[in-house]
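Comments concern the structure below.
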Amino acid sequence: MRHRADPEAGARPRTGHVLLHYLRPHGGALVGAALSTVAVTLAELAAPWPLKIAIDSLVSGRGTHFDLSPADVSLLVGLAALVLGIAAVDALATFSSSYWLNRSGESIVHDLRTATYEHLQKLSLAFHSNRPTGDLVARVTSDVNAVGDLFAQTLGTLTSSVLVLVGMFAVTFWIDPVLAVVAFLVSPVLLATSLHYQKRIRLMARTQRHQEGEIASMATEALSAMQVVKAFGTERFEHGRVHQRSAERLKVGVEVSKVESRFSALVDVLGAVATALVLGLGVVSVARGRISAGDLVVVVAYTNKLYKPLKDIAKQASRVARSMARLERVAEVLGDDTVLAEGAGSTEPGRRAEGTVDLVDVRFRYLPQRRALEGVSLHVPSGSTLALVGESGAGKSTIGALVARFYDPVSGVVRLDGRDARDWSLRWLRSQVGVLLQDTILFSGTVHENIAYGTDADALTVREVAGAAGALSFIRALPDGFDTMLGPGGTGLSGGQRQRIGIARVLLRDPAVLVLDEPTTGLDPESEALVLAGLNRLVQGRTTILITHSTSLARSADMVALMADGRVAEYDAPERLLATDSRFRRLTETQQHLGRADDRTFGPAAPVLVDGLAVEL
Ligand code: ATP
């Protein structure tokens with residue numbers, strides 16, 4: 001498989017780089033938030049000052065009973081106004097900072113979510129087939145949201161706490177350097193403990209998220225296969241599996257809370273020690289006349305408040321640790337480069353392909369240790385049908401997947417119109433190769449939307465292709481016809497009906513090459529006949545690669561390739577294979593013997609399909 005790094009993804013990005021990349025467009029908003037945070041800090045620092053001024057200028061040294069002069073009253077009014085002014089600045093700045101941060105947080109979540117989802121769409125099947133869907137969904141939803149919370153709730157508090165802390169230290173130092181040193185003695189101890197705890201919390205958060213991803217994958221898998229669960233009566237087993245993971249997650253969750261509470265308690269104790277020291281030393285300083293009583297009020301107020309920013313820093317630091325663990329999961333997806341190569345010179349011819357398909361000495365493996373295809377060479381001329389037969393696991397579907405370019409070969413070449421498929425633009429190639437699988441997967445939406453899927457085809461065109469696919473009569477019988485809403489996965493329709501909608505969907509795209517992967521397997525004879533009629537219409541004028549277990553279907557192809565263990569064992573026209581002692585002939589005879597042979601055929605060579613069945617064309 002040839003994969004290359006997507007130029008947009010570049011080298012695997014680190015968490016920090018991802019964060020910076022998505023922060024950059026919101027620089028303006030973040031500067032606004034930063035300025036507001038500075039204003040909040042100044043308001044917090046200024047808060048005890050009116051009291052200090054009142055004590056120093058109006059109360060100190062005046063005994064127990066004194067009168068206020070007109071100048072004192074003016075000062076008092078001024079101080080009251082100052083208190084109100086400080087509160088107003090605080091309120092306005094808090095509002096503005098929170099608004100800017102929340103706005104940037106929401107925008108960053110939006111950008112990150114859409115980028116992650118877009119990247120998931122770009123990643124090849126090689127990536128998706130190895131990843132549980134539930135885990136990926138958790139990354140696009142809750143993990144991305146947690147990164148948004150980092151801005152909305154954490155960043156502002158953290159910055160403001162650090163600024164308040166620095167501001168308090170500066171003001172206290174200006175009042176009395178000795179007191180400042182004593183008051184802030186606890187900070188380095190706290191910083192060291194904070195770093196220690198943060199690392200532990202981050203590690204545990206990573207485990208938590210990993211377990212949550214596992215729970216999401218298990219639940220998604222079981223809930224989307226409810227039929228199997230009910231059929232095997234494994235409800236308790238499924239419940240048990242999720243319960244066990246959830247219990248493990250609970251254990252780590254409790255451990256995280258314990259570590260956080262321990263940390264918070266430590267901060268309380270350290271803060272109280274600092275306040276006690278400052279109070280004692282402060283009164284001694286006032287007694288010695290080094291500082292005024294008002295100064296002591298400011299310093300004690302700050303030391304008391306020291307708790308809050310320190311505690312906030314500690315709390316937010318653990319939040320940052322958790323958000324970073326979740327951002328890592330998002331960055332991991334964004335950094336994955338399992339993207340199919342599309343060279344700079346890839347061609348978009350702007351015309352319909354002729355439809356000649358070649359495989360030249362193709363080797364392929366899904367996993368390094370197990371080969372799926374070995375030296376496969378096939379030539380399918382434009383407009384002809386090649387049937388791929390052979391036992392299960394022989395590599396038939398893999399050939400179809402390579403022709404549709406879901407994967408690239410490990411070595412050898414797959415060609416469309418004589419040119420390496422990797423040299424055509426992926427978009428054009430996908431528009432030229434239509435794929436119909438054993439079971440058509442439909443999406444929630446109307447029948448019309450499911451047929452038009454990804455195009456803006458009008459009602460008339462959709463009706464035409466539905467008619468050609470033999471789907472008109474049952475669609476008309478649905479309660480709202482083409483506007484009937486289908487449930488997730490197309491619930492409300494039978495397998496045969498879904499398959500005919502699938503045929504209409506492919507017909508609408510009018511591809512030059514068709515890959516039909518056992519399109520009628522699992523259908524009852526009547527539905528199969530209707531689907532075959534639709535297929536008959538579909539294959540006209542197109543190069544078709546038909547993967548089938550039915551030798552009678554294979555007999556209507558121009559060529560048959562019998563696959564065995566990843567190699568082409570027999571490759572010839574069906575009538576020539578039947579004329580010799582071939583494995584294909586033996587397979588045909590076995591199927592006839594088992595009574596599986598019938599008149600199932602389709603394709604230009606066999607226009608008449610199903611006797612007695614009305615198919616609207
Ligand atoms: P069937 O008739 O049962 O559909 P097949 O002939 O189409 O079988 P393939 O589906 O092409 O066989 O599989 C060829 C080999 O590759 C098998 O051994 C299979 O186990 C393996 N294989 C198929 N898909 C994957 C995958 N996604 N990851 C790993 N191995 C895979």
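Counting convention: from 1, in listed order, for ligands and their atoms alike. Residue numbers run from 1 in the order of the sequence given.
Summary of contacts: the protein heavy atom closest to atom 23 (C) of ligand 1 is Tyr366 CE1, 3.3 Å. Ranking the protein heavy atoms by distance from atom 11 (O) of ligand 1 puts Thr398 OG1, 2.4 Å first. Looking only at heavy atoms of the protein, atom 3 (O) of ligand 1 is closest to Ser392 OG, 2.4 Å. The closest protein non-hydrogen atom to atom 10 (O) of ligand 1 is Ser397 CB, 3.6 Å. The protein heavy atom nearest to atom 2 (O) of ligand 1 is Lys396 NZ, 2.8 Å. Of all protein heavy atoms, the one closest to atom 17 (C) of ligand 1 is Gly393 O, 3.7 Å.
Of all heavy-atom pairs between His128 and Leu120, the closest is NE2-O, 2.6 Å. Between Ala469 and Leu507, the shortest heavy-atom contact is N-CD1, 4.0 Å. Across all non-hydrogen atoms, the minimal contact from Leu429 to Arg405 is CD2-CB, 3.3 Å.
Judged by distance alone, the side chains of Arg326 and Asn145 never bring a donor and an acceptor atom under 3.5 Å apart. In this model, no donor atom of one side chain and acceptor atom of the other lie less than 3.5 Å apart for Tyr571 and Ser377.
Here is the list of ligand 1 atoms found below 4.0 Å of a heavy atom in Glu518: 2 (O), 4 (O).
When the heavy atoms of Arg371, Arg370, His549, His128 are ranked by distance to atom 20 (O) of ligand 1, first place goes to Arg370.
In terms of N/O distances under 3.5 Å, ligand 1 is not approached by Tyr407. Remark: ligand 1 and Gly390 share no N or O pair separated by less than 3.5 Å (distance only, no angle test). Looking at ligand 1, you won't find any N or O of Ser129 less than 3.5 Å from one of its N or O atoms. At a 3.5 angstrom cut-off on N or O pairs, Ala372 does not count as close to ligand 1.
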(Q) For a salt bridge (Lys or Arg N to Asp or Glu O under 4.0 Å) check, start with the C-alpha distance between Glu332 and Arg131, then their side-chain angles and the critical distance, and finish with the verdict. (A) CA-CA 12 Å; Glu332 195 198 328; Arg131 294 294 184 126; 3.3 Å; yes

Q | Stepwise salt bridge (Lys or Arg N to Asp or Glu O under 4.0 Å) check, Arg419 with Asp417 | A | CA-CA 6 Å; Arg419 196 166 170 173; Asp417 288 359; over 6 Å; no

Q. Given Glu575 and Arg555, is the side chain to side chain contact (heavy atoms under 4.5 Å, CB included) satisfied, shown in steps?
A. CA-CA 7 Å; Glu575 53 282 0; Arg555 281 206 308 270; over 6 Å; no

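Arg351 CZ: more than 12 foreign heavy atoms inside a 6.0 Å radius.
With a 4.0 Å heavy-atom cut-off, ligand 1 is reached by no atom of Met563.
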